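Letters go in sequence order (proteins before strands), and every chain restarts at 1. Keep in mind the model is a prediction, meaning the values are calculated, not measured.
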Amino acid sequence: MPNILCCFKWVADEAYIRASAGKELDLEWVDYKISDYDRNAIEEAVRLQEQYGGNVSAITVGKPDDTKGLKDALSRGPEKAYFINDSSFQNLEPSQTAAILAEVIKSQIDYDLIICGEGSSDLYAQQVGPRLAEILSIPCVSFIQKLDIEQNQLIVERKVDDGVEVLSLPMPALVTVLPDINSPRIPGLKDTLSASRKPVVDIGRDDLSGNFESCLQTMAINKANMERNGIKLGSEPQDISQLVDALVKQGVIGGVK
Amino acid sequence: MAGIWIFAENHKHCLELLNPGQKLAQKLGSPLAIFLWQDKELIKDYVSHGAEQIFVLPPLAADQTLEAYVPLIADLARREQPDVFLLGSSLRCKEMAARIAASLNTGLCSDCIAFNLNDSKALEMERLIFGGAAIQKVICVTSPQMATIPAGTFEAGPAQSPGEVRIVELADPLPSVVKLIDKKSNAHQSANLTEARVVVCVGRGLEKESDLGMARELAELLGAEIGCTRPISEELHWLPEDTCIGLSGIKVKPELYIGLGVSGQIQHITGIRDARIIFAINNDENAPIFDVSNYGMVGDVYKVVPQLINELKKTIK
Ligand SMILES: Cc1cc2nc3c(=O)[nH]c(=O)nc-3n(C[C@H](O)[C@H](O)[C@H](O)COP(=O)(O)OP(=O)(O)OC[C@H]3O[C@@H](n4cnc5c(N)ncnc54)[C@H](O)[C@@H]3O)c2cc1C
């Protein structure tokens with residue numbers, strides 16, 4: 001019966017960033033969410049527990065006021081959460097996040113399997129999972145789309161650029177999951193209510209000994225401009241012929257080639 | 001010791017990375033090295049593209065995958081202390097790069113899309129964040145400075161007359177406990193899609209797999225290739241995964257992109273920003289794709305596409 005730990009990140013919702021005008025990236029008004037693929041990581045942990053028993057905990061590194069994310073994560077099924085928080089734990093780069101997680105996991109968590117999303121929806125550096133495995137000296141497979149446990153071995157299907165590999169690995173181990181591994185359930189009212197009664201282990205900066213210095217320094221962040229001043233049309237016959245005319249004039253259809 | 005190191009999964013990508021690698025090697029006065037594990041015939045090619053050192057990795061047992069080299073490469077880096085280590089950003093290399101970086105306790109810029117050397121000879125590297133809504137510029141303050149670089153970011157340079165080369169054969173790696181049981185290869189290649197002049201992209205606005213027929217008919221008429229959004233390839237599996245366009249898929253740069261029932265989330269748009277003309281059909285007039293389109297048609301794809309096909313037939317004939 002495996003002890004499963006799933007990692008999640010509470011992130012700014014990029015859908016709000018698009019909407020704001022100007023060149024500066026303004027995060028003041030954005031909403032936050034559990035990073036998309038971390039929901040798949042949580043779901044996979046809970047699914048495995050339903051199938052094989054054991055227990056599921058969630059773990060995150062963030063700012064002290066990220067408690068909404070904790071409730072959200074717990075409402076998705078894990079029975080316990082580890083909340084590593086400090087006001088300095090924002091805009092961390094992957095090497096820092098992995099080092100912080102590793103210190104806490106090494107010193108106080110019993111685990112057989114760690115599940116991470118393949119990448120966070122804000123930075124999408126896709127590093128924390130494999131880095132964490134390396135620091136913990138456990139085997140890891142990234143980008144998996146299927147996971148089973150057979151006689152204490154994990155059997156995983158992982159995507160590579162030219163196909164799919166089926167691999168086996170012993171536990172304890174770490175995997176990162178692709179979105180198609182499952183469809184995360186949507187928490188109901190009951191789940192949300194019970195989430196607030198679940199235990200949360202609060203871990204502060206003082207409980208940690210590492211110095212967690214960053215290896216990457218951010219020099220600048222600029223909004224990417226992708227807006228085009230387009231023409232909006234209806235879908236009446238005259239709109240369609242207007243469109244086809246325009247595409248011909250642009251030289252992208254007909255005539256050419 | 002020093003070095004500019006290159007590691008990528010396939011030959012073409014290796015040649016692409018050697019090009020900026022060679023420029024860096026010249027500017028930093030550091031030798032250019034590349035890893036090789038299959039065909040030694042390729043050495044000639046690498047040398048004529050600027051490689052001065054070849055690290056030859058020993059063959060792997062049948063149940064091992066490339067990641068088994070990670071401890072070996074990390075050890076080599078600890079001994080040789082390269083200045084810069086550039087890897088391809090295939091899925092496999094992304095994992096390898098992250099693990100090597102962790103082992104060396106250094107920084108890694110994932111999916112670097114551009115870089116230059118600043119005055120203090122540090123690499124300023126750019127990457128997309130928030131699904132492509134913003135560009136982050138980073139420097140790596142630890143050594144080696146590492147980055148993964150998507151295929152197609154750089155072009156391979158021309159072959160030059162080969163210089164001296166140092167060939168270093170590496171010892172066998174310890175077998176990894178991660179064992180390969182089976183492998184299924186994709187027959188499909190997205191090469192056509194990345195080069196296509198016209199791309200018809202299918203999104204979730206299509207209700208069922210058989211509706212792809214409509215998209216195919218349109219594509220055929222325009223000589224277009226078919227691409228899709230991530231839910232179509234990864235969740236519904238209607239189309240091969242290597243036709244997924246966007247942040248976690250491929251980038252396309254056609255003259256004309258046609259989106260059918262594509263909402264236009266930022267992670268998808270990132271993959272089509274270099275299209276010359278973007279035309280989208282969506283029945284939600286507030287769909288974000290309209291903000292980034294040159295032509296936006298508010299309508300039902302099931303009504304519009306057949307009419308469009310008729311109209312095009314008249315025009316193209
Ligand atoms: C880290 C990360 C990476 C990602 N990478 C990628 C990526 O590489 N590529 C990618 O595509 N996505 C990616 N995504 C997912 C992305 O955020 C969106 O979920 C996805 O692009 C949406 O696909 P869609 O437009 O097909 O579906 P939806 O968002 O569901 O949109 C369907 C659209 O069809 C319209 N529609 C419905 N019926 C009709 C009709 N009859 N006629 C006309 N229009 C209709 C609807 O109005 C809607 O706008 C990523 C997400 C994350 C978090």
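- With chain A as partner, the option from B:M96, B:E126, B:K303, B:Q136 having the largest number of non-hydrogen pairs under 4.5 angstrom is B:Q136.
- Counting only heavy atoms from C-beta outward, the side chains of A:K146 and A:V166 never approach each other to under 4.5 Å.
- For B:T106, the part lying under 4.5 angstrom from a heavy atom of chain A is the backbone only.
- A:T218 has its side chain out of reach of A:N91: every pair of non-hydrogen atoms, C-beta onward, lies at least 4.5 Å apart.
- Both the backbone and the side chain of A:Y124 come within contact range of chain B, with heavy atoms under 4.5 Å apart.
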Take B:S110 and A:Q126, measure what side chain to side chain donor-acceptor pair (under 3.5 Å) needs, and give me the verdict at the end. CA-CA 7 Å; B:S110 302; A:Q126 301 166 303; 5.9 Å; no
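- Of all the listed residues (B:V304, B:V178, B:T142), the one sharing the greatest number of non-hydrogen pairs under 4.5 Å with chain A is B:V178.
- The part of A:E157 that comes within reach of chain B is its side chain, from C-beta onward, which places non-hydrogen atoms under 4.5 angstrom from that chain.
- Using a 4.5 Å cut-off between heavy atoms, A:V244 contacts chain B through its side chain alone, with no backbone atom that close.
- Of the atoms belonging to B:N294, heavy atoms from both backbone and side chain fall under 4.5 Å from chain A.
- By the 4.5 Å heavy-atom criterion applied to side chains, A:L113 and A:L48 are counted as neighbours.
- Heavy-atom neighbours of B:K183 NZ from other residues, nucleotides or ligands within 6.0 Å: above the threshold of 12.
- Interface residue B:S248: backbone and side-chain heavy atoms are both found under 4.5 Å from chain A.
- Heavy-atom neighbours of B:E220 CD from other residues, nucleotides or ligands within 6.0 Å: at or below the threshold of 12.
- Your options are B:M297, B:H237, B:E9, B:E255, and the one with the most heavy-atom pairs under 4.5 Å with chain A is B:M297.
- Contacts of B:Q267 with chain A are made by side-chain atoms alone, with heavy-atom separations under 4.5 Å and no backbone atom involved.
- Between chain A and the options B:N283, B:T65, B:I181, B:I129, heavy-atom pairs under 4.5 Å are most frequent for B:I181.
- Neither the backbone nor the side chain of A:E213 comes within less than 4.5 Å of any heavy atom in chain B.
- When the candidates A:G230, A:A98, A:P139, A:A220 are compared by the number of heavy-atom contacts under 4.5 Å with chain B, A:A220 comes out ahead.
- For A:P94, no part lies under 4.5 angstrom from a heavy atom of chain B.
- Between B:A97 and B:T148 the shortest heavy-atom distance is CB-CG2, 3.5 Å.
- With contacts defined as side-chain heavy-atom distances shorter than 4.5 Å, the pair B:V298/A:K232 qualifies.
- When the candidates A:L216, A:D13, A:V156, A:L123 are compared by the number of heavy-atom contacts under 4.5 Å with chain B, A:L216 comes out ahead.
- Contact count versus chain B (heavy atoms, under 4.5 Å) is highest, among A:A246, A:C140, A:P237, for A:C140.
- Looking at B:E67, only its side chain comes within 4.5 Å of chain A, counting heavy atoms on both sides.
- For the set A:S120, A:S142, A:S168, A:S121, the count of heavy-atom pairs under 4.5 angstrom toward chain B peaks at A:S168.
- Residue contact with chain B, scored on non-hydrogen atoms closer than 4.5 Å, involves the side chain of A:I155 exclusively.
- In this structure, the side chains of A:Y111 and A:L136 come closer than 4.5 Å at one or more pairs of heavy atoms.
- Around the CG atom of A:N152, the shell of radius 6.0 Å holds no more than 12 heavy atoms that belong to other residues, nucleotides or ligands.
- Both the backbone and the side chain of B:R276 come within contact range of chain A, each with at least one heavy atom under 4.5 Å from a heavy atom of that chain.
- With a 4.5 Å cut-off on side-chain heavy atoms, B:K179 and A:Q153 do not count as touching.
- For A:A133, no part lies under 4.5 angstrom from a heavy atom of chain B.
- Looking at B:S103, both its backbone and its side chain come within 4.5 Å of chain A, counting heavy atoms on both sides.
- By a heavy-atom distance cut of under 4.5 Å, A:L178, A:P179, A:D180 are the residues of residues 171-183 of chain A near chain B, going up by number.
- For a residue to count as touching a neighbouring chain, one of its non-hydrogen atoms must lie under 4.5 Å from one of that chain's; by this rule B:V177 touches chain A with backbone and side chain alike.
- The shortest non-hydrogen separation linking A:S95 to A:R131 is CB-NH1, 3.4 Å.
- For A:V160, the parts sitting under 4.5 Å from any heavy atom of chain B are the backbone and the side chain alike.
- Remark: B:I258 CD1 to A:I253 CD1 distance equals 7.5 Å, nearest 0.5 Å.
- Both the backbone and the side chain of A:E165 come within contact range of chain B, judged by heavy atoms closer than 4.5 Å.
- Comparing B:R92, B:R99, B:E235, B:M125 by heavy-atom pairs within less than 4.5 Å of chain A, the highest count is held by B:R99.
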B:F130/B:I266 under side-chain contact (heavy atoms from CB on, under 4.5 Å): CA gap, chis, key distance, verdict: CA-CA 8 Å; B:F130 293 118; B:I266 183 71; over 6 Å; no
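- The CD1 atom of A:I109 sits 7.5 Å away from the OG atom of A:S107 when rounded to the nearest 0.5 Å.
- For B:I272, the part lying under 4.5 angstrom from a heavy atom of chain A is the backbone only.
- In this structure, the separation between CG on A:D122 and NZ on A:K33 is 9.0 Å, given to the nearest 0.5 Å.
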Check against salt bridge (charged side-chain N to carboxylate O under 4.0 Å, His left out), B:K314 and B:E311: CA-CA 5 Å; B:K314 285 189 244 160; B:E311 190 71 24; 3.4 Å; yes
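- Only the side chain of B:L222 comes within less than 4.5 Å of a heavy atom in chain A; its backbone stays farther off.
- Checking each of B:K251, B:R127, B:K94 against B:D111 for a salt bridge (charged side-chain N to carboxylate O under 4.0 Å, His left out) leaves exactly one that passes, namely B:K94.
- Both the backbone and the side chain of B:I278 come within contact range of chain A, with heavy atoms under 4.5 Å apart.
- Between A:V104 and A:L208, the closest side-chain pair of non-hydrogen atoms falls below 4.5 Å.
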Determine, step by step, whether A:R158 and A:E118 satisfy the salt bridge (charged side-chain N to carboxylate O under 4.0 Å, His left out) criterion, reporting the C-alpha distance in whole Å, the side-chain angles of both residues, the deciding distance to 0.1 Å, and the verdict. CA-CA 11 Å; A:R158 71 93 70 105; A:E118 58 128 322; over 6 Å; no
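- The most heavy-atom pairs under 4.5 Å with chain A, out of B:R230, B:E124, B:Q145, B:E285, come from B:R230.
- Ranked by non-hydrogen atom pairs under 4.5 Å with chain B, the options A:L243, A:D239, A:L169 are led by A:L243.
- In this structure, A:E150 places its CD atom where only 12 or fewer heavy-atom neighbours from other residues, nucleotides or ligands lie under 6.0 Å away.
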